[in-house]
Visitor: 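Let me give you the structure first, and then I'll get to my questions.
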Amino acid sequence: MLLHSNGGVMMGIFINNKEFSFNEGESILEVARRNHIYIPTLCHLPKLAPVGACRMCIVEEENGNIIASCKSPALQNTRVHTHTPRLEQHRQEIMKFLCINHPLECGVCDKSGECELQDKVLETKIPIQTFSATQRKDDFISFKNKIYDESLCIMCERCARTCNQIVGNNYLQVIAGGYDSKIGINAQSYCEDCDECVSVCPTGAMTSERFQYTSNVWELEKTPSVCTNCALGCYIVYEGKNTNDSTHISKNKKIYRSTTIMEFSQLCHSGRHNFGNSSIYYKDSDQLKNAIKAFENASAIRIGTQISNEEAFILNELKNKLNIPLYCEEARNYFEFTSIIKSTSNAQIYNMKETLKQADLCISLASFIFDETPILKSQIINAITTQKIKYIYLHPVPDERLKKNSYIQYEVQTELGVVALMLYSFLKDTLVDSSLSDFIENLDIGYLSSESNISEEELTNLGNTFRSALNPVIFIGSELFSHPQYKQIAYMLGLIEKYTPMKVITIPSSGNTVGISRICDLSKDNFENTRVVGYKAKGDFILNEMIENIEYEQNVDFILNADFILPSMLQIEGSIVNADYQLLPISASLPYEGYDICDIAQHFEMTETSLIEITNKLPLENGFKGIAYDDLENFFDHNGNEHRGYFLTLGKFSYEGHVELLAIDFLPESNGSILYFPKKSGNFFNFDKPKIIGSKQFAIANKLEKYQKVFFSIEGKDFVCDFIEEEYLKGMVALFYVGRYFIHNKDYPYTKITLKKWSENA
């Protein structure tokens, strides 16, 4: 009998005559795997709800019953065996049936070498296929850079279940028909081209056209690292090998694909495909001399968010040695906005995923969440599916791809009024201090409702939904961080968190925003200085990674070229801090032989020769733990537990400034066509060419047709790009996918604009 450490009796199940404890609701398979007992599976994935489609996970009970362990709950005193002669015979027959249309002697297939079906055939030792069936007409479907070959499909349903339960798009579906069952497409839903279906397919039935016939999988070297395309820091494995490159005499390594631990984790479209391939690049002494001179003569340093903690540390040290300001508006705005909220509410920083697991209501505000943070979107939809939480999406651009939500569309530039309405709706019947009570009582709800375009019915429903929730959470997007009234908005959000159960989580705009905000002493950037050194940011002297093989039609001054070549995030060893304040190690998956920031810093009497010498020197007073780079872990164990870096030790946030509630008697109007400039984050990251995506209504109002070039001006310069009409968008706000162009856009990310057909200005 098993006992708790406090003397209490634990529930026990006997597997192969050994007793194991289990938690209520665990399956036999989960208990076995947690205790390193192997049970074969094909259709099962820990991140999916079990369906028992393949039957490979069968176990034998003491009374002779054979049951599927993935769907059978662990019960006290149950006795099961995982490998008996009877089970081995059953599994061999099951494998023969699963392979009834699948050749045992595989030809050329991208899945070869990592095919679970191959593994199970080898494991069950099928000598010859004894089953046969009438040849059927199999489908061969191509969609969004993927190919589904029904003749290789064993109907484990993993792809469809992952698309529905994990990604949340319901694009793939199971078409039931007995022997003729197959995977089909739901044309009413949206495929974001994330390749999760390819990742989880145990055979070669679902393959990627991008990877097809490019390499044998066993030739690829796997490098575990961290995706930096948004602030979530997802676990990623870059797979590459050396290849002959005509631009170099020596061999150059190339990444062929990026993957993850598909049993427990996922990647979005950007993580899966936007990894790029950086050139080796060699030392250029003239560039080094010019860079040192640029720093010596600099009036300021401006940095982007696609840099490591270690690079940020060096740049902050250079800033101190040179006695000049250091700029990064994204990190500074994020830190100040978050500090106002948390110092007002005296609340902690919450873990996004864990907070969602406890939530019964989720609200997102000022974040185009589907593309900005796709994995967070998936986690929200998963919570809707499994926990039945309610989700409300507030944004100027309604996104019809978010099927499982209600949305409130507000007018551009009225966020101050929107948050004031939320404050009123959530706190009007709550006991608060007298000054806040007076502010709420004096709000002109009719005016705010009218100008923000939030109806009284929507406001009432929002308030009723909130009051019925026990554990609400709101995700705040980066669009508010640089809002003209960001301080008052943050203060009101802090008051909501202080006086209600609402947990407020701010979503960093991109990359290593959080790490930079914890390391650097940043000044406000008015974009007025000359002699600015730009480190992966706009400047008079720019240090940036090499941009290759990109064709631009005009306005090359919008491209962030380089006066000094830096390694890309794929070519360095270092670390970042993600949105949950978790430090994560980055591994170099591509070679680099040029100079870097350490070579420049040595001229200014800094002694470190590599970035990883700095990892354990990151400021302890700001939450870092002084752990060396080589001691940082980055893996999942067999139970799906993360062993990745460490969480920063955070004290209470403080804000030295003063914020007060001011009367809201004016909200700006925004009539006409408006472009939304999202940050380079998630699926907005690193498109090769810019494009504008708008609704049919937007196209009609601007007299545009699908897939045509449009002409407009930004910051006094003419600009040309493609316009694409999408059905999932509504209203008069269009999205501008900036691509690799650099637009200052130093303030609010919406701009009123006039679009014309390019032919009129040719």
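Computed from a predicted model, the values in this text were never measured in an experiment. Both backbone and side-chain heavy atoms feed into the values below; hydrogens, waters and symmetry mates do not.
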Visitor: Excluding sequence neighbours, so at least two apart, what forms ring-ring contact (aromatic ring centres under 6.0 Å, His included) with Phe368?
Guide: His395

Visitor: Return yes if some donor-acceptor pair links the side-chain N/O of Arg467 with the main-chain N/O of Ser425 below 3.5 Å, else return no.
Guide: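 Looks like yes, one N/O pair under 3.5 Å.
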
Visitor: Within a strict 4.5 Å, meaning less than it, do heavy atoms of the Tyr391 and Ile369 side chains meet?
Guide: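 Yes, close enough: below the 4.5 Å cut-off.
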
Visitor: So Gln358 and Tyr350, side chain to side chain donor-acceptor pair (under 3.5 Å) or not? Walk me through it.
Guide: CA-CA 12 Å; Gln358 306 300 322; Tyr350 301 103; over 6 Å; no

Visitor: Mind checking whether Phe698 and Ile693 have side chains closer than 4.5 Å, heavy atoms only?
Guide: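 No - every pair of side-chain heavy atoms lies 4.5 Å or more apart.
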
Visitor: Nearest 0.5 angstrom please: His269 NE2 to Glu192 CD, how far?
Guide: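 So the NE2 of His269 and the CD of Glu192 are separated by 9.0 Å.
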
Visitor: If you take all heavy atoms of Ser189 and Asn170, which pair is closest and at what distance?
Guide: OG-O, 3.3 Å

Visitor: Does any part of the side chain of Asn578, heavy atoms only, come nearer than 4.5 Å to the side chain of Val514, both counted from C-beta?
Guide: no

Visitor: Okay, side chain of Glu415, backbone of Leu480: is any donor-acceptor separation there less than 3.5 Å?
Guide: no

Visitor: Quick check: closest heavy atoms across Ser367 and Ile507, and the distance to 0.1 Å?
Guide: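 Looks like OG-CD1, 4.1 Å.
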
Visitor: Under the 3.5 angstrom rule, does the side chain of Asp580 hit a backbone N or O of Gln582 as a donor-acceptor pair?
Guide: no

Visitor: Could you point out which residue of Asn526, Asn529, Asp525 forms a side chain to side chain donor-acceptor pair (under 3.5 Å) with Tyr327?
Guide: Asn529

Visitor: Do Ser450 side-chain atoms and Gly446 backbone N/O form a donor-acceptor pair below 3.5 Å?
Guide: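 No, the answer is negative, given that no donor and acceptor are paired below the 3.5 Å cut-off.
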
Visitor: Look up atom CD in Gln697 and atom CD in Glu725, then write down how far apart they are to the nearest 0.5 Å.
Guide: 11.0 Å

Visitor: One pair to check against side-chain contact (heavy atoms from CB on, under 4.5 Å): Ile303 and Lys536. What are the steps and the verdict?
Guide: CA-CA 6 Å; Ile303 60 179; Lys536 296 190 177 180; over 6 Å; no

Visitor: Considering only residues two or more places apart or on different chains, which pairs with a residue in residues 646-658 satisfy salt bridge (charged side-chain N to carboxylate O under 4.0 Å, His left out)?
Guide: none

Visitor: Check whether the side chains of Ser482 and Glu329 place a donor and an acceptor atom closer than 3.5 Å, and report yes or no.
Guide: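 Short answer, no.
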
Visitor: Give the ring-plane orientation class for Tyr676 versus Phe684, where under 30° counts as parallel, over 60° as perpendicular and anything between as tilted.
Guide: perpendicular

Visitor: Checking side-chain contact (heavy atoms from CB on, under 4.5 Å) for the pair Leu361/Ile392: CA distance, chi angles, key distance, verdict?
Guide: CA-CA 8 Å; Leu361 169 65; Ile392 302 173; 4.3 Å; yes

Visitor: Is the shortest heavy-atom distance from the side chain of Val532 to the side chain of Ser299 under 4.5 Å?
Guide: yes

Visitor: Taking Ser452 for its side chain and Tyr410 for its backbone only, find out whether a donor-acceptor pair lies under 3.5 Å.
Guide: no

Visitor: Within the side chain of Gln485, is there an N or O that forms a donor-acceptor pair under 3.5 Å with the backbone of Leu416?
Guide: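 No; judged by distance alone, with no hydrogens or angles, the pair does not exist.
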
Visitor: Between the main-chain N or O of Val432 and the side-chain N or O of Ser437, is there a donor-acceptor pair closer than 3.5 Å?
Guide: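 Side chain of Ser437 to backbone of Val432: no pair is present.
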
Visitor: If the plane angle is over 60° it's perpendicular, under 30° parallel, otherwise tilted; pick one for Trp758 and Phe711.
Guide: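 Rings of Trp758 and Phe711: tilted, 30 to 60°.
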
Visitor: Looking at Val167, is its backbone amide N or carbonyl O close enough to the side chain of Ser378 to form a donor-acceptor pair, meaning the two atoms are under 3.5 Å apart?
Guide: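 Side chain of Ser378 to backbone of Val167: a pair is present.
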
Visitor: Quick check on side chain to side chain donor-acceptor pair (under 3.5 Å): which of Glu330, Lys679, Lys680 does Ser510 satisfy it with?
Guide: Glu330

Visitor: Does the pair Thr430 and Phe426 meet the rule for a side-chain contact (heavy atoms from CB on, under 4.5 Å), with working shown?
Guide: CA-CA 8 Å; Thr430 303; Phe426 298 166; over 6 Å; no

Visitor: Is a donor on one side and an acceptor on the other found under 3.5 Å between the side chain of Arg518 and the backbone of Asn622?
Guide: yes

Visitor: Within the structure provided, determine whether Asn683 and Cys268 are in side-chain contact (heavy-atom separation under 4.5 Å).
Guide: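 Yes; the side chains approach each other to less than 4.5 Å.
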
Visitor: CD1/Ile389 to CG/Asn471 distance, rounded to the nearest 0.5 angstrom?
Guide: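 Answer rounded to 0.5 Å: 11.0 Å.
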
Visitor: Ring centroids only, cut at 6.0 angstrom: are Tyr190 and Phe370 within range, meaning strictly under it?
Guide: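 Yes, they do, as the ring centres are separated by less than 6.0 Å.
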
Visitor: Kindly compute the distance separating CD (Glu451) from CG (Asp444), expressed to the nearest 0.5 Å.
Guide: 10.0 Å

Visitor: Looking at Glu400, I'd like to know if its CD atom is crowded, meaning that more than 12 non-hydrogen atoms belonging to other residues, nucleotides or ligands lie closer than 6.0 Å.
Guide: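 Atom CD in Glu400 is crowded, with more than 12 foreign heavy atoms closer than 6.0 Å.
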
Visitor: Assess whether side-chain contact (heavy atoms from CB on, under 4.5 Å) is satisfied between Leu315 and Cys520, documenting all intermediate values.
Guide: CA-CA 8 Å; Leu315 291 163; Cys520 297; 5.8 Å; no

Visitor: For the residue pair Ile314 and Glu311, establish whether any side-chain heavy-atom pair is separated by less than 4.5 Å.
Guide: no

Visitor: OG1/Thr373 to CG/Asn229 distance, rounded to the nearest 0.5 angstrom?
Guide: 13.0 Å

Visitor: Would you say NZ of Lys353 has more than 12 non-hydrogen atoms from neighbouring residues, nucleotides or ligands within 6.0 angstrom?
Guide: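 For Lys353, atom NZ is not crowded (no more than 12 foreign heavy atoms under 6.0 Å).
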
Visitor: Using every non-hydrogen atom in the two residues, find where Ser343 and Phe653 come nearest and quote the distance to one decimal.
Guide: CB-O, 3.5 Å

Visitor: Look at atom NZ of Lys428 and say whether more than 12 heavy atoms of other residues, nucleotides or ligands are closer to it than 6.0 Å.
Guide: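 More than 12 heavy atoms, drawn from other residues, nucleotides or ligands, come within 6.0 Å of this atom.
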
Visitor: Could you check whether any side-chain N or O of Asn316 sits under 3.5 Å from a backbone N or O of Asp521, counting only pairs where one atom can act as donor and the other as acceptor?
Guide: yes

Visitor: Can you establish whether the number of heavy atoms outside Lys390 located under 6.0 Å from its atom NZ is more than 12?
Guide: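 Open.
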
Visitor: Tyr424 versus Ile445: any side-chain heavy-atom pair under 4.5 Å?
Guide: yes

Visitor: Please assess Phe736 against Phe712 for the test ring pair (Phe, Tyr, Trp, His ring centres under 6.0 Å), listing each intermediate value before the final yes or no.
Guide: CA-CA 12 Å; Phe736 184 28; Phe712 55 101; 5.7 Å; yes

Visitor: Check the surroundings of atom CD in Glu727: do more than 12 heavy atoms from other residues, nucleotides or ligands lie under 6.0 Å from it?
Guide: no

Visitor: Atom CZ of Phe337 and atom OH of Tyr486: how far apart are they, to the nearest 0.5 Å?
Guide: 10.0 Å

Visitor: Ring centroid separation for Tyr491 and Tyr655, is it under 6.0 angstrom?
Guide: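 Centroid separation for Tyr491 and Tyr655: 6.0 Å or greater.
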
Visitor: Between Asn309 and Asn512, do the side chains contain a donor N or O and an acceptor N or O under 3.5 Å apart?
Guide: yes

Visitor: Which pair of non-hydrogen atoms, one from Leu443 and one from Ala420, has the smallest distance, and what is that distance?
Guide: CD1-O, 3.7 Å

Visitor: Can you name the closest pair of heavy atoms from Ala312 and Ile516 and give their distance?
Guide: CB-CG1, 4.2 Å

Visitor: For a side-chain contact (heavy atoms from CB on, under 4.5 Å) with Glu372, tell me which candidate from Ser509, Cys230, Ser681 qualifies.
Guide: Ser681

Visitor: So is Lys691 actually on top of Tyr737's ring, under 6.0 Å and inside 45° of the axis?
Guide: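 Satisfied, under 6.0 Å and within 45°.
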
Visitor: Show the nearest heavy-atom pair for residues Met352 and Ala579, with the distance to one decimal.
Guide: CE-CB, 3.5 Å

